[in-house]
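Input: a single structure, listed below in structure tokens.
All residue numbers refer to positions in the sequence shown, counting from 1. No hydrogens, no waters, no symmetry mates; every other heavy atom, side chains included, goes into these values.
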Amino acid sequence: MVKRRKNNKSSENLKSEETSSSPDHLHDNHNGHSKIEEQPAVLLADQAIDKKWKNWWVRTTWTLIMIAAFFVIIAAGHLYVVMLVMVLQNLVYKEVISLSHEPNKERKLPWFRALHWYFLLTANYFLYGESIIYYFKKSVLVDAFLLPLATYHRFISFMLYCFGFVWFVTNLKKGHYKFQFKQFAWTHMALLLVCFQSHFIINNIFEGMIWFFLPVALVICNDIFAYIFGFFFGHTPLIKLSPKKTVEGFIGGWISTLIFAFMFSIVLIKSNYMCCPAENFSTNVFSDISCNLNPAFIPVEYKLQPWMARLLYLLFRTEVRQVYIAPLQLHAFLMASFASLIAPFGGFFASGLKRAFNIKDFGHSIPGHGGITDRMDCQFLMGFFSYIYYQSFIKSVSNSSIVILQDIINNLSINEQLDVYTNLQEYLINQGLLAEKVAECMQALMS
């Protein structure tokens with residue numbers, strides 16, 4: 001009898017320990033992350049009504065606020081959109097790197113945080129410098145100050161990285177080698193997943209606002225409709241890494257995103273602001289912009305098969321024998337499929353990372369959503385895909401004669417450049433395109 005009481009007592013203690021360590025008890029660490037333990041997650045459709053709808057309204061309110069702010073920044077112009085991406089990149093990098101800061105407090109290693117940020121600055125200098133040189137050659141290659149920086153950009157970038165490498169090696173501390181090399185690898189992983197992918201997103205902006213706006217909108221659309229379908233109909237868990245994700249939400253989000261992509265792309269191709277590449281940083285939605293449109297934006301006539309025309313007649317009582325569809329609308333189907341079927345795995349990857357560090361969210365910046373990383377985990381992968389897809393299947397090659405001529409001239413010596421200038425001046429005078437007196441004045445100014 002006494003023995004049975006002991007067993008009951010021990011079982012009660014075990015139950016008490018399980019309760020105290022249950023995932024409902026969150027613990028905030030010094031970096032603002034909520035510590036959790038593994039738990040059998042409750043699906044959205046099965047949550048208590050009060051909690052379910054409270055989370056719904058908080059999440060919905062902040063989603064609408066973020067979407068409104070996003071539209072304002074898009075309208076403000078390319079410069080502000082680039083700044084937005086850079087700010088988000090730095091915030092995500094900070095949240096990811098902060099996961100490794102806590103173990104350092106006991107070790108008190110010198111220059112621990114400074115090295116993280118130095119490597120970020122070096123990577124940004126290299127990547128964004130490459131983009132500026134490529135997309136704004138007309139401005140960069142004629143500027144006396146920027147030309148040397150552009151010419152030796154990669155060498156300067158490499159030497160900056162070497163300085164950081166030497167800085168890291170000289171700060172290795174006996175007894176902490178393994179930990180420091182892990183942090184070195186962690187920094188480079190963060191640069192690869194955050195900095196390099198955001199670089200391609202910025203390239204999308206330079207290629208045309210639509211290549212930034214459409215992919216972002218597709219991910220947001222998929223996230224919203226996956227949440228809605230999961231909220232009302234989700235009962236089948238999708239993946240263990242993210243227990244609240246459901247098959248119903250996954251499929252519902254995919255179908256909704258396909259429809260949204262086809263319809264939304266019709267709206268976007270009507271705007272030159274969206275379709276034209278960035279030529280400078282002074283443009284905004286109210287600017288008068290014109291360009292030679294990419295063929296992907298020009299609707300093409302498609303003749304319907306007899307059975308399709310018959311079906312449309314039965315549904316709408318209207319005879320339709322041909323339709324006009326822009327190639328972008330067909331490309332949008334593939335981009336929507338990637339945003340729905342592949343990009344969410346960026347979120348699952350982030351979920352696995354959170355579980356590895358035993359945290360619920362990367363931060364608390366956005367009520368109902370978590371940290372910035374919790375909202376950007378799919379966007380980075382989607383942006384990278386959009387850049388590769390655009391460069392592979394959509395971009396039309398059109399190098400202007402001025403850009404080609406600048407590339408040639410930059411490879412000539414100073415004397416050879418002067419010879420080219422003299423010969424071109426003589427040619428323009430002989431053709432009557434340049435007055436001889438003007439040429440003499442220019443020659444006098446040069447001498």
Side-chain angles (χ1 to χ4, degrees), residues 67 71 204 207-236 238 245-277 291-345 378 381-383 385-398:
I67 291 175
F71 273 97
N204 290 339
E207 293 287 356
M209 190 69 77
I210 191 172
W211 306 116
F212 167 77
F213 189 38
L214 181 60
V216 170
L218 293 178
V219 171
I220 294 174
C221 174
N222 179 255
D223 185 59
I224 291 173
F225 280 99
Y227 181 79
I228 291 173
F229 277 89
F231 186 89
F232 290 105
F233 311 110
H235 295 286
T236 309
L238 177 66
K245 303 293 184 183
T246 62
V247 174
E248 293 83 359
F250 193 72
I251 296 175
W254 176 32
I255 296 173
S256 301
T257 307
L258 287 174
I259 298 171
F260 173 81
F262 188 81
M263 303 305 294
F264 192 54
S265 56
I266 298 176
V267 178
L268 294 181
I269 61 176
K270 295 179 179 179
S271 169
N272 283 345
Y273 175 66
M274 284 289 165
C275 298
C276 291
C291 63
N292 294 324
L293 290 178
N294 189 301
F297 302 134
I298 303 173
V300 178
E301 179 183 346
Y302 291 91
K303 292 185 178 180
L304 298 180
Q305 295 294 328
W307 68 268
M308 296 177 68
R310 179 63 179 168
L311 178 62
L312 289 175
Y313 179 78
L314 292 174
L315 291 174
F316 304 105
R317 294 297 175 182
T318 304
E319 288 192 8
V320 179
R321 301 194 179 279
Q322 69 273 342
V323 294
Y324 290 88
I325 300 176
L328 176 66
Q329 293 176 264
L330 305 179
H331 290 302
F333 273 124
L334 294 173
M335 297 176 74
S337 295
F338 187 92
S340 304
L341 304 179
I342 306 298
F345 281 84
C378 302
L381 186 60
M382 183 66 197
F385 166 78
S386 300
Y387 176 80
I388 298 299
Y389 186 86
Y390 170 77
Q391 295 289 333
S392 301
F393 303 108
I394 301 175
K395 184 174 183 179
S396 57
V397 179
S398 59

Query raised in the report: After noting the C-alpha distance and the side-chain angles of I255 and F229, does the key distance pass the side-chain contact (heavy atoms from CB on, under 4.5 Å) rule?
Result: CA-CA 11 Å; I255 296 173; F229 277 89; over 6 Å; no

Output side-chain donor-acceptor pairs under 3.5 Å for residues 306-316, partner residues at least two apart or in another chain, one line each.
none

Query raised in the report: Taking E248 for the side chain and T236 for the main chain, is one N or O donor matched with an acceptor at less than 3.5 Å?
Result: yes

Report task. Write down the atom of Y302, the atom of V300, and the distance for their closest heavy-atom approach. Result -> CD1-O, 3.2 Å

Query - Sequence-distant partners of C221, disulfide (SG to SG under 2.5 Å), two or more places apart - result: none

Report summary line: Residue set satisfying ring pair (Phe, Tyr, Trp, His ring centres under 6.0 Å) with Y389, at least two apart, ordered chain then number -> H331, F385, F393

Review item, side-chain donor-acceptor pairs of residues 334-344, under 3.5 Å, at least two apart:
residue : atom : partner : partner atom : Å
S337    : OG   : W254    : NE1          : 3.4
S337    : OG   : F333    : O            : 3.0
S340    : OG   : N222    : ND2          : 3.1
S340    : OG   : A336    : O            : 2.8

Report summary line: Applying side chain to side chain donor-acceptor pair (under 3.5 Å) to Y273 and not counting sequence neighbours gives none

Query - Spacing of CG belonging to N292 relative to SG belonging to C276, to within rounding of 0.5 Å - result: 8.5 Å

Requested in this report: Would you name the heavy atoms of E207 and K395 that are closest together and state the gap between them?
Outcome: OE2-NZ, 3.3 Å

Query raised in the report: At what distance, to the nearest 0.5 angstrom, does CG of L214 lie from CE of M274?
Result: 9.5 Å

Query raised in the report: Any side-chain heavy-atom pair from F225 and I259 closer than 4.5 angstrom?
Result: no

Requested in this report: Could you list the residues that satisfy side chain to side chain donor-acceptor pair (under 3.5 Å) with Y387, not counting sequence neighbours?
Outcome: none

Query raised in the report: Are F71 and F213 near enough that their ring centres are under 6.0 Å apart?
Result: yes

Query raised in the report: Does some side-chain heavy atom of T246 sit less than 4.5 Å from a side-chain heavy atom of L238?
Result: no

Query raised in the report: About how many Å separate CD1 of I224 and CZ of F260, when rounded to the nearest 0.5 Å?
Result: 8.5 Å

Report task. Could you grab the distance from atom OG of S271 to atom CD1 of I210, nearest 0.5 Å is fine? Result -> 8.5 Å

Requested in this report: Drop me the distance from N204's CG to M382's CE, to the nearest 0.5 angstrom.
Outcome: 9.5 Å

Query raised in the report: Cys pair C275/C291: SG distance under 2.5 Å?
Result: no

Report summary line: One should read off an interatomic distance between L328 CG and F264 CZ, to the nearest 0.5 angstrom, of 11.0 Å

